[in-house]
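This one's a predicted model, so the numbers in the text were calculated from it and none came from an experiment.
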Amino acid sequence: MWGGRFAEGPSAIMREINASIPFDKALWRQDIAASKAHVAMLAAQGIVSADDARAISEGLDRVAAEYEVNGVPENLDLEDIHMATESRLAALIGPAAGRLHTARSRNDQVATDFRLWVREACDQIDAGLEDLQRALVGRAEEHAGSVMPGFTHLQAAQPVTLGHHLLAYYEMLRRDRSRFADARTRMDECPLGSAALAGTGFPIDRDATAQALGFARPTANSLDAVSDRDFAIDYLQAAAQCALHLSRLAEELILWASQPFGFVRLPDALSTGSSIMPQKKNPDAAELVRGHAGRIVGCLTSLMVTMKGLPLAYSKDMQDDKPPVFEAHGLIALSIAAMTGMVTDATFRTDRMRAAAELGYATATDLADRLVRHADVPFREAHHITGAAVKLAESRGVALDALSLAELQAVDPRIDAAVHEALSVDASVAARASYGGTAPLRVREQVAAARKALGME
Ligand code: ARG
């Protein structure tokens, strides 16, 4: 395709280091679509004849049909998907194929194909995240009133509801989806027609190709269009942030499935056994989601480092843009699917959660709050009094609400007769009814809002 000025062909090493076909064949659908849009525009502008354009377009359909059935042949001599397709087209339709590359370069071609691919990846991830959100909302509704310990520093802090805890992840995923949507909006400009770097002298119609490929508009600067990969980095940043969220949820499920916690039984279908220890059921899927997050962050780092020192416009380093994006996309899509399965089919052991919430003095704040509200004690003083009550209970080895009124009033006489009402875990969560709080009432409202946002009504 470019041998005219060369006295000898590339060495075997050159062919191998240069070839991107082993991975960029994943772009074949986008490459065919962009070529068809391009040739239709060339014909409409009178740059190629209607007959040649028809032959090219029908030939591209035949190439696509072959790829569909047999896959894309990996001929390293043809470097990349763009060369492979054009060469197959030439074999099928003859010299007219040579007119397809008029007013175009592989530089704007690859930028266009890759944007189309990443745009579709955003849509796929959005659909997966929506499914996971639905699963979370369904389980949150079921467990709006299920009490569990809430932790800070992984120490029992205050009782919360499981529904509230699950909806925390619904919110994270809502922001993740908006990050993918932002990235998608920003990348929705078509590079095709930027040619190698400077644009072209042919009277092309960039609005027509942009529209044919479903882009909002053509890119405004040809140098920028062929040489930035920020759209792919935007995608990877959204994926990395989302992977961090999935990883935290995975970590919690792993922890909760451990024997000392015993808060959850993970579905058999997403667990594995041990080849030596017959009793084992390991949370491998969750562990791999946690592991994959590291690899996805690595993919983001990889592309950022590839791009950081490159002068405008295209350099071949940029061919290395695709493997990290393809890898991250496969990992995040699988992670989302695995988490959806785990959330949908996990068995939450609400009895164990409740028992754990009742240990660890998690309602101590409720005692302090009560002193503030019923006896007008300043919060700092109430905190101190409650600390003394916890110390007493701890020395007896009992829960806070197992102390008698007399014992509590010996700590401070301002503790009122109905104090025990406030010390139960149910009273504690019900009391936290501030907007965004853990009270079952608020959780049910949040579930209703989420169901509406997801169109689950
Ligand atoms: N395979 C190349 C890539 O993925 C296509 C662009 C080649 N352009 C060039 N000037 N060699 O980046």
How would you list, by chain and number, every residue that makes a side chain to side chain contact (heavy atoms under 4.5 Å, CB included) with [X], sequence neighbours excluded?
X    : result
L173 : L129, L132, Q133, L136, D176, L246
E141 : V447, R451
E68  : W28, R29
A410 : none

Could you tell me whether [X] atom [atom1] has more than 12 heavy atoms of other residues or ligands within 6.0 Å of it?
X    : atom1 : answer
E327 : CD    : yes
Q124 : CD    : yes
K308 : NZ    : no
L359 : CG    : yes
L154 : CG    : yes

Would you confirm whether [X], through its side chain, and [Y], through its main-chain N or O, come within 3.5 Å as a donor-acceptor pair?
X    : Y    : answer
T161 : T438 : yes
H38  : A34  : no
D234 : A183 : no
S315 : L310 : no
N107 : A196 : yes
D80  : S20  : no
R206 : C190 : yes
E79  : N18  : no
S404 : E407 : yes

Determine whether [X] and [Y] make a side-chain contact, defined as any pair of heavy atoms from C-beta on separated by less than 4.5 Å.
X    : Y    : value
C122 : M187 : yes
F114 : Q30  : no
D207 : P218 : yes

- Message: Pair L78, I21 - check side chain to side chain contact (heavy atoms under 4.5 Å, CB included), show working.
- Response: CA-CA 8 Å; L78 293 174; I21 187 83; over 6 Å; no
Taking all non-hydrogen atoms of both residues, which atom of [X] and which atom of [Y] are closest, and how far apart?
X    : Y    : value
T219 : E189 : CG2-CB, 3.7 Å
H164 : G437 : CE1-O, 3.2 Å
A19  : L76  : CB-CD2, 3.8 Å
H420 : L405 : CE1-N, 3.8 Å
T200 : A195 : CB-CB, 4.4 Å
V425 : P159 : CG1-CG, 3.9 Å

- Task: Identify which one of W117, F326, F180 satisfies the ring pair (Phe, Tyr, Trp, His ring centres under 6.0 Å) criterion when paired with Y235.
- Result: F180
Between [Y] and [X], is there a side-chain donor-acceptor contact under 3.5 Å, judged purely by atom types and distance?
X    : Y    : value
R104 : S35  : yes
S428 : T363 : no
Q109 : T112 : no

Compile the donor-acceptor pairs under 3.5 Å between side chains in residues 382-389 and protein atoms, sequence neighbours left out, one pair per line.
from: T386; atom 1: OG1; to: A368; atom 2: N; distance (Å): 3.4
from: T386; atom 1: OG1; to: A382; atom 2: O; distance (Å): 2.8

- Evaluation steps, side chain to side chain contact (heavy atoms under 4.5 Å, CB included), between H143 and M148: CA-CA 10 Å; H143 291 291; M148 62 174 281; over 6 Å; no
- Item | CA sep, side-chain torsions, deciding dist, call: I125, H329, side chain to side chain contact (heavy atoms under 4.5 Å, CB included) | CA-CA 8 Å; I125 297 305; H329 180 66; 3.7 Å; yes
- Task: Rounded to the nearest 0.5 Å, what's the gap from CZ on R139 to CG on L162? Could you check?
- Result: 8.0 Å
- Item | Within residues 248-272 or reaching into it, pairs that qualify as side-chain hydrogen bond (donor to acceptor under 3.5 Å, both in side chains) - sequence neighbours excluded | H165-E252, Y169-E252, E251-R290, D268-K281, T272-D284
